[in-house]
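In what follows, a single structure is set out as structure tokens and then discussed.
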Amino acid sequence: SSISPPGAQPVSHPTEGGARAADADHSHIAPGEIAVGVVIGRASEYFDFFVYGIASVLVFPAVFFPFEQRLEGVLWAFVIFSFAFIARPFGTLISMAIQRRFGRETKLTIALFLLGTSTAGIAFLPGYASIGFTAIVLLSIFRFAQGLALGGSWDGLPSLLALNAPPNKRGWYAMLGQLGAPLGFFLASALFAYLYSSLPLADFLDWGWRYTFYVAFAINVVALFARLRLVATDEYARLLEERELQPTSVVELTRSQGANLLIGAFAALASYALFHLITVFPLSWISLYSDQSITEFLIVQMVGAVFGAIGIVASGLIADRIGRRFTLGGLAAMIAVFSGFAPTLLDGGRIGQDIFIVLGFALLGLSYGQAAGAVTSNFAPKYRYVGAALTADLAWLIGAAFAPLVALGLSAHFGLAFVSVYLLSGALGTLAALGLN
């Protein structure tokens, strides 16, 4: 059913017969070509993702919640931050229905239009001082629309890459798309660091921050067109069909593969819990409770992103040697240990905070590098396309959507020990899911 040995011809279905045989030689596409599409798509998504995340700390509390105290303003911004993750599974469900009726190209075009419109809408959105509560409502709508668009942008390329990777290189190819996370974060942090340090605060809050969303809009448009051009070719369409990477009924998927959905969502929970606790949350904590400058801390996080990228590459080598399951399990245990030191490091001044960031990014890279589709092979072939998309959506929703909100809210009122509790729960969730798998 699932994976043919390198060089083998795909098995033809009776209804496809001679046409499949005639085209078999032309449907071979190297995994490296698929990896390019995966990296382009994920890097653009993560850049957009982190631009919004950083703005939720540095911009939105002052622009959209000036009537609240600084802490409450950040917390409200984090509430809206979570809307995209809530919307994402709905975007996947809607887009699958669109693809079944109108095709993959139409689905991606709609996603492109919606993502571009919502991102541009945020860039041009007046603040609370200009239009009052309407600004908050519109920001919420645009953020929800971003989530719908990201759910709709699923192109199946990560699953196709996993199925076409050589058996002894699956860990290596699995990590390639994950490199988009540190790349996107590095670029977003660099852009914010430059604008924040170069402009007076009043100018930055008035118009400077909007340039980051202009850039996000441009990158997403270019990246989505590049992906659309890739998946619209006859060769990719044929290969996706041969691998049965087509939308299926979500009701049928839930009934027959519901357990695999839950296991897939929790298998990488440690990575997703750690994801925001070393990117968005620390920036909010530093801005509220530390004397370290924002620009300096963003630079530290950029250094951490480099270590994260190195960790992702290393994860591919490690996973191909000991297996992805053992890699994820081992890293979940290490994240559990790291959670015990998190409060001390965050409360340990600049040196402790910098160690928390660099060490946290290194662990994130090693674990997150193998987080995508770690148990996708559990799904029957015909459910793999939708199953992989919904598994990722649920993992983001459960592990990452509310992480900055919960971590900051609990830490501000009850102490940093709750950061440990959150991280530890994610690690235990991963270990439990892998044990059940």
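Quick note: numbers below take in every heavy atom, side chains included, and nothing from hydrogens, waters or symmetry partners. Keep in mind that this is a model prediction, so the values were computed, not measured.
With a 4.5 Å cut-off on side-chain heavy atoms, Pro282 and Phe297 count as touching. With contacts defined as side-chain heavy-atom distances shorter than 4.5 Å, the pair Val280/Ser56 does not qualify. The side-chain heavy atoms of Tyr173 and Pro166, taken from C-beta on, include a pair separated by under 4.5 Å. The closest side-chain heavy-atom distance from Phe133 to Ile136 is below 4.5 Å. With contacts defined as side-chain heavy-atom distances shorter than 4.5 Å, the pair Leu390/Leu93 qualifies. In this structure, the side chains of Tyr289 and Leu346 stay at 4.5 Å or more apart for every pair of heavy atoms. Looking at Glu68 and Pro61, their side chains never come closer than 4.5 Å, going by heavy atoms from C-beta outward. Contact annotation: the side chain of Leu150 never approaches that of Phe49 to less than 4.5 Å [non-hydrogen atoms, C-beta and beyond].
Looking at Thr430, its side chain does come within 3.5 Å of a backbone N or O of Ala270 through a donor-acceptor pair. Without hydrogens or angle criteria, Thr391 side chain to Ala388 main chain gives no donor-acceptor distance under 3.5 Å.
Taken to the nearest 0.5 Å, the CE atom of Met302 stands 13.0 Å off from the CZ atom of Phe192. Atom CZ of Arg104 and atom OG1 of Thr106 lie 11.0 Å apart (nearest 0.5 Å). To the nearest 0.5 angstrom, Leu125 atom CG is 12.0 Å from Ser118 atom OG. Note: Leu148 CG to Thr92 OG1 = 9.5 Å, rounded to the nearest 0.5 Å. In this structure, OG in Ser315 is found 6.5 Å from CG in Leu366, a value given to the nearest 0.5 Å. Interatomic distance, CZ of Phe402 versus CG of Leu397, reported as 5.5 Å (0.5 Å rounding).
Phe78 and His276 have their aromatic ring centers separated by at least 6.0 angstrom. The ring of Phe50 has its center closer than 6.0 angstrom to the ring center of Phe275. Between Tyr272 and Trp396, the ring center distance clears the sub-6.0 Å criterion.
Using a 3.5 Å distance cut-off with no hydrogens or angles, the side chains of Arg350 and Gln353 do not pair a donor with an acceptor. Looking at Ser153 and Glu45, their side chains do bring a donor and an acceptor atom within 3.5 Å of each other. Side-chain contact annotation: Thr119 with Asp48, donor-acceptor N/O pair under 3.5 Å present. Side chains of Arg324 and Gln370: a donor-acceptor N/O pair is present below 3.5 angstrom, by distance only.
Paired with Tyr128 under the rule ring pair (Phe, Tyr, Trp, His ring centres under 6.0 Å), one option of Phe65, Phe67, Phe60 passes, and it is Phe67.
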Extract all donor-acceptor atom pairs below 3.5 Å that involve side chains of residues 80-90 and protein atoms in other chains or at least two apart in sequence.
| from | atom 1 | to | atom 2 | distance (Å) |
| --- | --- | --- | --- | --- |
| Ser82 | OG | Val79 | O | 2.6 |
| Arg88 | NE | Asp393 | OD1 | 3.1 |

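Leu58 approaches Leu205 most closely through the heavy-atom pair O-CD2, 3.6 Å. Of all heavy-atom pairs spanning Phe185 and Thr279, the tightest one is CE1-CB, 3.8 Å. Scanning all heavy atoms of the two residues, the minimum distance from Val419 to Ser411 falls at CG2-OG, 3.3 Å. The minimum heavy-atom distance between Leu71 and His413, with the atom names listed, is CD2-CE1, 4.2 Å. The shortest non-hydrogen separation linking Ala123 to Arg210 is O-NH1, 2.8 Å. The two residues Arg325 and Gly435 have their closest heavy-atom pair at NH2-CA, 4.2 Å.
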Derivation of the side-chain contact (heavy atoms from CB on, under 4.5 Å) call for Leu139 and Arg143:
CA-CA 6 Å; Leu139 179 65; Arg143 182 57 175 167; 5.5 Å; no
Assess the residue pair Trp285 and Leu277 against the criterion (side-chain contact (heavy atoms from CB on, under 4.5 Å)); give the C-alpha distance rounded to whole Å, side-chain angles, the decisive distance to 0.1 Å, and a yes or no.
CA-CA 10 Å; Trp285 186 262; Leu277 293 187; over 6 Å; no
Given Val313 and Leu179, is the side-chain contact (heavy atoms from CB on, under 4.5 Å) satisfied, shown in steps?
CA-CA 8 Å; Val313 174; Leu179 285 170; 4.1 Å; yes
Test Ser339 against Ser420 for side-chain hydrogen bond (donor to acceptor under 3.5 Å, both in side chains), laying out the working first.
CA-CA 5 Å; Ser339 70; Ser420 293; 5.1 Å; no
Do Ile122 and Trp209 pass the side-chain contact (heavy atoms from CB on, under 4.5 Å) test, and can you show the C-alpha distance, the side-chain angles, and the key distance before you say yes or no?
CA-CA 11 Å; Ile122 295 172; Trp209 66 273; 4.3 Å; yes
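Taking the six-membered ring for Trp and thresholds of 30 and 60 degrees, Phe124 and Tyr214 have ring planes inclined between 30 and 60 degrees apart. Ring geometry for Tyr52 against Phe213 counts as perpendicular: the plane angle is over 60°, on a 0 to 90° scale with 30° as the lower cut.
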